[in-house]
Amino acid sequence: MEYAVECRNLTHYYGSKKVYENMSFNIKTGSILGLLGKNGTGKTTTINILNGFLEPKAGECFILGENSQYLSPETKARVGFLLEGHIQYDFMNIYQIEKFYSQFYPQWKKEPYYELMSKLQITEKQKISTMSCGQQSQVALGLILAQDPDLMIMDDFSMGLDPGYRRLFVEFLAEYGKAENKTIFVTSHIIQDMERLIDDVVIMGYEGVLHSSSMEYFMNHFRQYDFLLKNGPVTLEKDDVIMNFDRVKNHASVYSFKSPEEVKKYLKDKDIIFEDFREIPMTLEDAFIGITGKY
């Protein structure tokens with residue numbers, strides 16, 4: 001199966017408020033895809049549609065070949081779902097909660113769970129209720145890994161974690177996904193974590209998908225160019241060349257998938273006089289802000 005997840009022409013509203021319209025994207029089997037977007041762009045809505053918790057107004061999603069609204073029990077057993085703060089039964093200890101969950105999953109593999117717990121340096125008898133938020137999140141991840149799902153869906157997986165736990169979470173998840181050929185779909189507000197984790201990226205705006213590609217393509221082709229304006233106030237607009245822009249007095253930044261030569265020609269064709277034109281290196285977080293805007 002080429003795609004573990006296929007979303008086709010999704011449209012959803014909350015009352016009269018449009019979340020998005022005709023949104024489409026796919027997740028390749030065995031890849032790690034990150035869904036990025038500002039608050040309110042519909043990331044959690046999309047995950048709820050994927051899990052069948054929410055029915056879209058139009059369009060459809062397929063998970064492992066089945067419509068997400070009508071998943072069979074067999075397909076549901078192949079999907080692991082992680083929500084922030086979802087740990088239940090915190091009166092149990094590490095050993096008890098693993099034994100409890102194992103009763104519900106016939107393909108249960110406890111080794112990844114205990115491997116992750118050993119990295120946390122906590123004992124099997126330690127109660128969940130005595131752990132930090134970061135440790136509890138690691139327990140939640142371990143329980144998902146032990147289910148041995150073919151597809152893992154994780155919404156805001158790093159929320160509330162300090163830098164050390166986030167790094168542990170990301171590195172362990174990336175290594176596990178590659179080693180076991182798992183498909184992983186994640187969202188996070190911590191963009192720098194995604195840079196070390198994902199193979200592919202979907203970036204959402206308030207009207208739908210702004211960009212969808214491999215991480216390699218996005219980071220190699222999406223560029224920031226800075227320059228000084230020499231002919232006073234000018235009008236910059238978003239179009240096929242300029243994905244976004246920012247201007248403070250005579251200093252301008254534009255974001256584009258075009259080469260430096262193409263952007264320079266574009267500016268000259270619009271009679272924009274400039275100097276000190278240069279490309280600015282970007283991290284994923286820089287590029288995310290560049291394509292979505294600061295506000």
Side-chain angles (χ1 to χ4, degrees), residues 4-5 25-39 41 43-44 46-47 80-85 112-113 115-121 132-146 149-204 209-224 255 257 279-292:
V5 175
F25 68 91
N26 301 319
I27 305 176
K28 296 190 293 288
T29 299
S31 69
I32 303 176
L33 182 138
L35 182 65
L36 307 182
K38 294 181 178 180
N39 292 334
T41 53
K43 300 186 300 298
T44 297
T46 303
I47 283 181
F81 181 44
L82 178 66
L83 274 175
E84 178 208 353
Y113 172 81
E115 181 181 351
L116 185 56
M117 294 306 100
S118 69
K119 292 179 180 294
L120 297 176
Q121 298 182 351
S132 68
C133 175
Q135 289 175 319
Q136 289 188 18
S137 294
Q138 302 298 312
V139 173
L141 174 61
L143 293 172
I144 295 295
L145 299 180
D150 294 314
L151 169 65
M152 288 184 278
I153 300 175
M154 301 182 174
D155 188 20
D156 241 342
F157 67 91
S158 59
M159 182 67 74
L161 301 183
D162 63 33
Y165 279 124
R166 290 206 324 267
R167 179 68 63 89
L168 171 62
F169 201 119
V170 166
E171 291 179 351
F172 192 90
L173 185 59
E175 291 172 6
Y176 176 82
K178 298 301 181 187
E180 300 294 331
N181 194 36
K182 302 299 185 182
T183 306
I184 303 174
F185 180 36
V186 295
T187 74
S188 176
H189 284 88
I190 313 297
I191 305 300
Q192 59 264 39
D193 289 345
M194 296 293 218
E195 196 160 7
R196 294 188 294 270
L197 175 63
I198 62 178
D199 304 309
D200 301 303
V201 62
V202 173
I203 301 176
M204 297 178 66
V209 174
L210 295 174
H211 180 75
S212 178
S213 74
S214 69
M215 265 286 290
E216 181 180 13
Y217 179 90
F218 180 58
M219 295 305 296
N220 287 340
H221 291 83
F222 188 61
R223 298 163 176 172
Q224 175 184 343
Y255 299 88
F257 284 98
E279 182 176 344
I280 306 299
M282 289 192 292
T283 64
L284 177 59
E285 184 172 303
D286 295 330
F288 171 76
I289 293 172
I291 202 169
T292 61

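The basis for the numbers below is simple: all heavy atoms, side chains too, and nothing from hydrogens, waters or symmetry mates.
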So side chain to side chain donor-acceptor pair (under 3.5 Å) across residues 177-186, not counting sequence neighbours, yields Asp148-Lys182, Lys178-Asp199

In Leu210, Thr292, Thr46, the residue satisfying side-chain contact (heavy atoms from CB on, under 4.5 Å) with Met204 is Thr46

| request: Mark yes when over 12 heavy atoms from residues, nucleotides or ligands other than Arg196 sit less than 6.0 Å from its CZ; otherwise mark no. | output: yes

Note: Leu35 and Lys43 closest approach over all heavy atoms is O-CD, 3.6 Å

Practice item. Please test Leu36 against Ile191 for side-chain contact (heavy atoms from CB on, under 4.5 Å), starting from the C-alpha separation and ending with a verdict. Key: CA-CA 8 Å; Leu36 307 182; Ile191 305 300; 4.0 Å; yes

Heavy atoms from other residues, nucleotides or ligands near CD of Glu216 exceed 12 (cutoff 6.0 Å): no

Min side-chain heavy-atom separation Met152-Tyr176 under 4.5 Å: yes

**OP:** Would you mind reporting whether Met282 and Ile289 have side-chain heavy atoms less than 4.5 Å apart?
**Re:** no

Nearest heavy-atom contact between Met194 and Ser188 is CE-N, 3.5 Å

Residues at least two apart in sequence or cross-chain that pass side chain to side chain donor-acceptor pair (under 3.5 Å) with Glu195, listed by chain then number, are none

Note: Pro149 and Gly80 closest approach over all heavy atoms is CB-N, 3.4 Å

By salt bridge (Lys or Arg N to Asp or Glu O under 4.0 Å), Lys28 pairs with (sequence neighbours left out) Asp200

Correct closest heavy-atom pair for Thr29 and Ala4 would be OG1-N, 3.3 Å

The side-chain contact (heavy atoms from CB on, under 4.5 Å) partner of Asp193 among Leu284, Val186, Val170 is Val170

Do Gln192 and Thr283 touch side chain to side chain, with heavy atoms closer than 4.5 Å? no

| said: Is the shortest side-chain heavy-atom distance between Phe288 and Val201 below 4.5 Å? | reply: no

Correct closest heavy-atom pair for Leu145 and Pro112 would be CB-CB, 4.0 Å

Residues at least two apart in sequence or cross-chain that pass side chain to side chain donor-acceptor pair (under 3.5 Å) with Ser213, listed by chain then number, are His211

The side chain to side chain donor-acceptor pair (under 3.5 Å) partners of Lys38 (sequence neighbours excluded) come to none

Sequence neighbours excluded, the answer for side chain to side chain donor-acceptor pair (under 3.5 Å) partners of Asp150 is Arg78

### Message
If we ignore hydrogens and angles and just use 3.5 Å, is the side chain of Thr187 paired with the main-chain N or O of Asp155 as donor and acceptor?
### Response
no

- request: Give me the ring orientation class for Phe222 and Phe257: parallel if the planes are under 30° apart, tilted from 30 to 60°, perpendicular past 60°.
  value: tilted

